[in-house]
K.L.:
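Supplied in structure tokens, the structure appears directly below.
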Amino acid sequence: FLAFSLLIVLAGCQQYSLVQAERISISENFSVEPDTNWNKRTTDGAEIWTIDGESLQSLRLFKGLGDGDTLFKLANAERQENMPTYSDTMSLLEIREFIETSLVQSNATNVKGGVFEPRKFAGHDGFRFYITFFDKNGLQIKGFVEGAKAKGKLFVVFYYGAKLYYYDKHLKNVENMIQSAQIANAQS
């Protein structure tokens, strides 16, 4: 019984692997170069990286959203059905709304967007906007979303952490990594 219980517990655990401080391919066309080691797990559409644990700080690197894709994959089928979908015809401001609405649908509360600025991302015209929200445990979260459209896809980096301490703790590492982002063979 004890062995069986242990197997059930282990089956529910997330599988993490080590990300070395070297150029890493997120998808066929998207890569970054971290300047420190991270732990990662992979989902259908993104890699989720953390150093201190996902509930404290997280970096989501989306592999490239295409028409009809959702930002998050939820376990609850009904909620997933209501998740907004991406369209290549979206303006940068509509992309912001898409991301904020996706957060709300995934159980974030009191989602507030901050400064929105156009900027280059991996050599392409893109955007960055800041955001705050409360997670499902009531922890106040601070973060930003940065990305660009290229090759008919939306490439996005979403960094967030507990407003107190953890957001700022690895911010410089994340900023350096974003500066290293490359989208290969992409046409804006």
Side-chain angles (χ1 to χ4, degrees), residues 14-15 17 19-20 22-35 38 40-50 54 58-108 111-131 133 141 143-160 173-188:
Q14 298 292 333
Q15 295 295 319
S17 60
V19 176
Q20 300 283 339
E22 61 191 23
R23 180 142 306 269
I24 304 293
S25 291
I26 306 304
S27 67
E28 181 180 317
N29 297 311
F30 180 38
S31 67
V32 295
E33 188 171 345
D35 58 7
W38 291 74
K40 78 169 184 175
R41 70 180 177 91
T42 303
T43 67
D44 288 342
E47 288 191 4
I48 301 169
W49 294 14
T50 187
E54 282 184 54
S58 186
L59 174 67
R60 291 178 181 249
L61 300 136
F62 292 89
K63 298 177 181 183
L65 299 173
D67 278 333
D69 287 344
T70 59
L71 192 63
F72 302 117
K73 309 289 190 257
L74 304 178
N76 181 311
E78 184 178 322
R79 290 188 69 129
Q80 183 66 40
E81 190 174 298
N82 294 323
M83 186 66 71
T85 57
Y86 170 72
S87 168
D88 191 42
T89 62
M90 288 179 170
S91 70
L92 295 182
L93 291 174
E94 288 171 325
I95 290 170
R96 175 186 178 158
E97 184 178 319
F98 160 71
I99 292 169
E100 290 175 349
T101 303
S102 296
L103 274 169
V104 169
Q105 192 61 28
S106 68
N107 280 333
V111 175
K112 293 183 180 168
V115 174
F116 180 89
E117 54 195 30
R119 69 183 324 173
K120 291 286 188 185
F121 177 78
H124 300 274
D125 292 336
F127 62 91
R128 178 184 276 199
F129 70 91
Y130 296 86
I131 197 160
F133 59 94
I141 303 295
F144 68 85
V145 180
E146 186 165 336
K149 290 182 184 183
K151 272 191 94 83
K153 302 261 185 197
L154 175 64
F155 295 91
V156 175
V157 173
F158 178 23
Y159 175 68
Y160 58 95
N173 300 111
V174 173
E175 294 286 6
N176 291 340
M177 187 185 319
I178 288 173
Q179 291 300 314
S180 78
Q182 294 178 354
I183 300 173
N185 302 318
Q187 299 173 11
S188 298

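In what follows, every heavy atom counts, from backbone to side chain, and hydrogens, waters and symmetry copies are set aside.
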K.L.:
Have a look at Leu71 and tell me which of Leu154, Leu65, Thr101, Thr85 forms a side chain to side chain contact (heavy atoms under 4.5 Å, CB included) with it.
P.N.:
Leu65

K.L.:
In chain order, what residues pass the side chain to side chain contact (heavy atoms under 4.5 Å, CB included) check against Ala148, with sequence neighbours excluded?
P.N.:
Phe121, His124

K.L.:
As an exercise, state the distance from CG of Leu92 to CD of Glu97, rounded to the nearest 0.5 Å.
P.N.:
13.5 Å

K.L.:
Gln20: what forms a side chain to side chain contact (heavy atoms under 4.5 Å, CB included) with it, not counting sequence neighbours?
P.N.:
Leu18, Glu22, Asn37

K.L.:
Is there a side-chain contact between Lys120 and Asp125, using heavy atoms and a 4.5 Å cut-off?
P.N.:
yes

K.L.:
Mind listing the closest non-hydrogen atom pair of Ala181 and Phe30 along with its distance?
P.N.:
CB-CE1, 4.1 Å

K.L.:
With rounding to the nearest 0.5 angstrom, report the CD to NZ distance, Glu28 to Lys153.
P.N.:
9.5 Å

K.L.:
Mind checking the OG-CH2 spacing from Ser17 to Trp38? Nearest 0.5 Å is all I need.
P.N.:
14.0 Å

K.L.:
What heavy-atom pair brings Ala108 and Phe133 nearest, and what distance separates the two atoms?
P.N.:
CB-CD1, 3.6 Å

K.L.:
Going by side chain to side chain contact (heavy atoms under 4.5 Å, CB included), name the residues that satisfy it together with Arg128, two or more places apart in sequence or in a different chain.
P.N.:
Glu117, Arg119, Tyr130, Phe144, Glu146, Glu175, Ile178

K.L.:
Is a donor on one side and an acceptor on the other found under 3.5 Å between the side chain of Asp67 and the backbone of Asp88?
P.N.:
yes

K.L.:
Looking only at heavy atoms, what is the nearest atom pair of Ser180 and Glu33, with distance?
P.N.:
OG-N, 2.7 Å

K.L.:
Report yes if some heavy atom in the side chain of Tyr86 is under 4.5 Å from a heavy atom in the side chain of Val156; otherwise report no.
P.N.:
no

K.L.:
Which residues pass the side-chain hydrogen bond (donor to acceptor under 3.5 Å, both in side chains) test with Lys63, not counting sequence neighbours?
P.N.:
none

K.L.:
Atom CD1 in Ile24, atom CH2 in Trp49: separation rounded to 0.5 Å?
P.N.:
5.5 Å

K.L.:
Taking Lys73 for the side chain and Gly45 for the main chain, is one N or O donor matched with an acceptor at less than 3.5 Å?
P.N.:
no

K.L.:
With sequence neighbours left out, write down each residue that passes side-chain hydrogen bond (donor to acceptor under 3.5 Å, both in side chains) with Ser31, or none if nothing qualifies.
P.N.:
Arg23

K.L.:
Between Phe127 and Arg96, is there a side-chain heavy-atom distance shorter than 4.5 Å?
P.N.:
no

K.L.:
Applying side-chain contact (heavy atoms from CB on, under 4.5 Å) to Thr43 and Phe72, what does each step give before you reach the verdict?
P.N.:
CA-CA 9 Å; Thr43 67; Phe72 302 117; over 6 Å; no

K.L.:
What pair of heavy atoms forms the shortest contact from Thr89 to Glu94, and how long is it?
P.N.:
O-OE1, 4.0 Å

K.L.:
Show your working on side-chain contact (heavy atoms from CB on, under 4.5 Å) between Tyr159 and Met177 and close with a plain yes or no.
P.N.:
CA-CA 11 Å; Tyr159 175 68; Met177 187 185 319; over 6 Å; no

K.L.:
Decide yes or no on side-chain contact (heavy atoms from CB on, under 4.5 Å) for Phe155 and Ser27, but give the supporting numbers first.
P.N.:
CA-CA 10 Å; Phe155 295 91; Ser27 67; 4.1 Å; yes

K.L.:
Name all residues meeting the ring-ring contact (aromatic ring centres under 6.0 Å, His included) criterion together with Phe129; count only those two or more places apart in sequence or in a different chain, and write none if there are none.
P.N.:
none

K.L.:
Using side-chain contact (heavy atoms from CB on, under 4.5 Å), reason through Lys40 and Ile48 one step at a time and then give a plain yes or no.
P.N.:
CA-CA 5 Å; Lys40 78 169 184 175; Ile48 301 169; over 6 Å; no

K.L.:
Roughly how far, to the nearest 0.5 Å, is CG of Asn173 from CG of Asp35?
P.N.:
4.5 Å

K.L.:
Are Ile131 and Tyr160 side-chain neighbours, meaning at least one heavy-atom pair lies under 4.5 Å?
P.N.:
no

